[in-house]
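Below, chain A is the first sequence line, B the second, and so on; all start at residue 1. A quick note: this is a predicted structure, and the numbers were derived from the prediction, not measured. These values consider heavy atoms only, across backbone and side chains, with no hydrogens, waters or symmetry-generated copies.
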Protein chains: 2
Amino acid sequence: MNKRIADLNRYLADKGLKITRQREAVAQVFFDTDGHISAEELYVKVSRSYPGVGLTTVYRTLKLLKEAGLAKERRFAEDSQGVFEKEDTARHHDHLICIRCGKIVEFKEPLIEKLQDEVAQRHGFSVEDHKMELYGLCSSCRTA
Amino acid sequence: MNKRIADLNRYLADKGLKITRQREAVAQVFFDTDGHISAEELYVKVSRSYPGVGLTTVYRTLKLLKEAGLAKERRFAEDSQGVFEKEDTARHHDHLICIRCGKIVEFKEPLIEKLQDEVAQRHGFSVEDHKMELYGLCSSCRTA
DNA sequence: TGAGAACATGATAATCAATTTCAATTACCG
DNA sequence: CGGTAATTGAAATTGATTATCATGTTCTCA
Ligand SMILES: [Mn+2]
Ligand SMILES: [Mn+2]
Ligand SMILES: [Zn+2]
Ligand SMILES: [Zn+2]
């Protein structure tokens, strides 16, 4: 029924961890969410459908989802809270962020990623992951 | 004598702020430091030459240096503390970080920056700043 | 099926970098 | 110099995240 929930359950089983009501509730609401969401926001959202799930458990479940490769944490400049989004290595992307209105656009630029690998190689590094964020003004904010 | 201290003093005068012993001490030690340093580390270093300067003032002075365009704060993954380095727009660079030993290599790749601008433009954005960090394994850590 | 071991939960406390508060001190413009 | 606004540093506070711990649940295996 839900592939991602199945992936999570498989991960839990492999690690000798348990499938619980709370984990499924948090994961389900998270997987039904598009874009970026903080632990606090997810906690509020989960609480609507499944009251009684603690904020601590939301944090713990998000950490599990990261470990399982199902969620990715982002930490944009100026935001004190981390935000999470669904992870899918095939759908890797980076971010353009408007410093005035906060608008976020996701993009993918394979040519840049290729150059990143080359730069790294030149310095003897292999790249496992990268962070690239472009901060600027969106068209609305620029003309305003 | 010291161009950067002069720059700072000019900035302070412009803003109606005051030139103090403490600010000069913190700034001087910071400007004499190469690489990345945290507020705590800078505080310890300053305390050796100028005892009695508070940690709060170190934080406040670093914030001033950022505002004056003389320092840049970086927040690398896994580091809970921010680190600071001298800012010099002409000498902009990005970072390669070894996820095992923490080694940091600085690099500059104008071609990537050009592509970043193009991507942004394609989405109607103008780029004011960007963050690019490549995380991987350095040659020593890879062969070990 | 059920007992028990291991794991999970959630309220609360702790952490930790960074900021705020505030009374005392200092810079600097006349 | 004198007055005013800015600065300082110690201590308190903040805010996100993690640790603790007593209690509850899951799941294995006999
Ligand atoms: Mn995204
Ligand atoms: Mn650097
Ligand atoms: Zn905008
Ligand atoms: Zn290394």
Side-chain angles (χ1 to χ4, degrees), chain A residues 5 8-30 36-47 49-68 71-84, chain B residues 5 8-30 36-47 49-68 71-84:
Chain A
I5 292 285
L8 172 61
N9 289 346
R10 191 173 320 115
Y11 176 83
L12 293 173
D14 281 359
K15 295 278 179 183
L17 304 177
K18 294 172 179 168
I19 297 169
T20 67
R21 244 185 322 291
Q22 291 92 331
R23 279 176 181 166
E24 260 193 56
V26 173
Q28 190 59 67
V29 174
F30 175 71
H36 310 108
I37 190 169
S38 70
E40 289 270 6
E41 289 165 343
L42 183 57
Y43 167 66
V44 169
K45 217 170 162 195
V46 168
S47 297
S49 340
Y50 308 87
V53 173
L55 176 58
T56 309
T57 295
V58 172
Y59 272 105
R60 286 191 282 230
T61 303
L62 283 169
K63 181 186 269 191
L64 273 179
L65 291 173
K66 280 199 294 181
E67 289 163 10
K72 185 151 180 82
E73 184 171 5
R74 308 276 186 182
R75 200 165 285 274
F76 300 128
E78 81 220 20
D79 276 4
S80 53
Q81 277 181 305
V83 292
F84 300 80
Chain B
I5 291 287
L8 172 60
N9 289 347
R10 189 173 322 114
Y11 176 83
L12 293 173
D14 282 359
K15 294 278 178 183
L17 305 177
K18 295 172 179 172
I19 297 168
T20 66
R21 243 186 323 293
Q22 292 92 329
R23 280 175 180 166
E24 259 193 58
V26 173
Q28 191 59 68
V29 173
F30 175 70
H36 310 109
I37 190 168
S38 70
E40 289 271 4
E41 289 165 345
L42 183 56
Y43 167 67
V44 169
K45 217 170 163 195
V46 168
S47 297
S49 340
Y50 308 88
V53 173
L55 175 59
T56 308
T57 295
V58 172
Y59 272 105
R60 285 192 282 229
T61 303
L62 283 168
K63 181 187 270 192
L64 273 178
L65 291 173
K66 279 199 293 181
E67 289 163 10
K72 185 151 179 80
E73 184 170 6
R74 307 275 186 182
R75 200 164 285 275
F76 299 129
E78 82 219 22
D79 277 4
S80 52
Q81 288 185 68
V83 293
F84 300 81

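Taking for each of T57(B) and R21(A) the nucleotide of DNA chain D with the nearest heavy atom, the 5'-most of the two is the partner of T57(B). Position along DNA chain D of the nearest nucleotide to Y43(B) versus G16(B) favours G16(B) as the more 5'-ward residue.
Comparing dG9(D), dT7(D), dT25(D) by their nearest atom to the side chain of K18(A) picks out dT25(D). Distance from the side chain of V53(A) is smallest to dG10(C) among dG10(C), dA8(C), dT7(D).
Separating the CG atom of L17(B) from the P atom of dC29(C) is a distance of 12 Å, rounded to the nearest angstrom. Computed from coordinates, the Y50(A) OH to dG10(C) P distance equals 14 Å when rounded to whole Å. A straight line from CG of D14(B) to C1' of dC28(C) spans 16 Å, rounded to a whole angstrom. Spacing between atom NZ of K15(A) and atom C1' of dA6(C) amounts to 17 Å, rounded to whole angstrom units. Rounding to whole angstrom units, CZ of residue F76(B) and C1' of dA17(C) are separated by 17 Å. Rounded to whole Å, atom P of dA17(C) lies 21 Å from atom CG of D79(A). Separating the CD1 atom of I37(B) from the C1' atom of dA17(C) is a distance of 16 Å, rounded to the nearest angstrom.
Between the side chain of R23(B) and the backbone N or O of K18(B), at least one donor-acceptor pair lies under 3.5 Å.
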How does each nucleotide of nucleotides 12-23 of chain D score, in 5' to 3' order, for protein heavy atoms under 4.0 Å: base (B), sugar-phosphate only (S), or none (-)? ----SSBBB---

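Taking the side chain as every heavy atom from C-beta outward, E73(B) and V83(B) never approach each other to under 4.5 Å. The shortest side-chain heavy-atom distance between E24(A) and I5(A) falls under the 4.5 Å cut-off. Contact check for K66(B) versus K72(B): no side-chain heavy atoms found under the 4.5 Å cut-off. For the pair T57(B) and V46(B), the minimum side-chain heavy-atom distance is 4.5 Å or more. Counting only heavy atoms from C-beta outward, the side chains of I37(B) and F30(B) approach each other to under 4.5 Å. Counting only heavy atoms from C-beta outward, the side chains of Y11(B) and L64(B) approach each other to under 4.5 Å.
For dT7(D), neither phosphate oxygen OP1 nor OP2 lies less than 4.0 angstrom from any side-chain nitrogen or oxygen of Q22(B).
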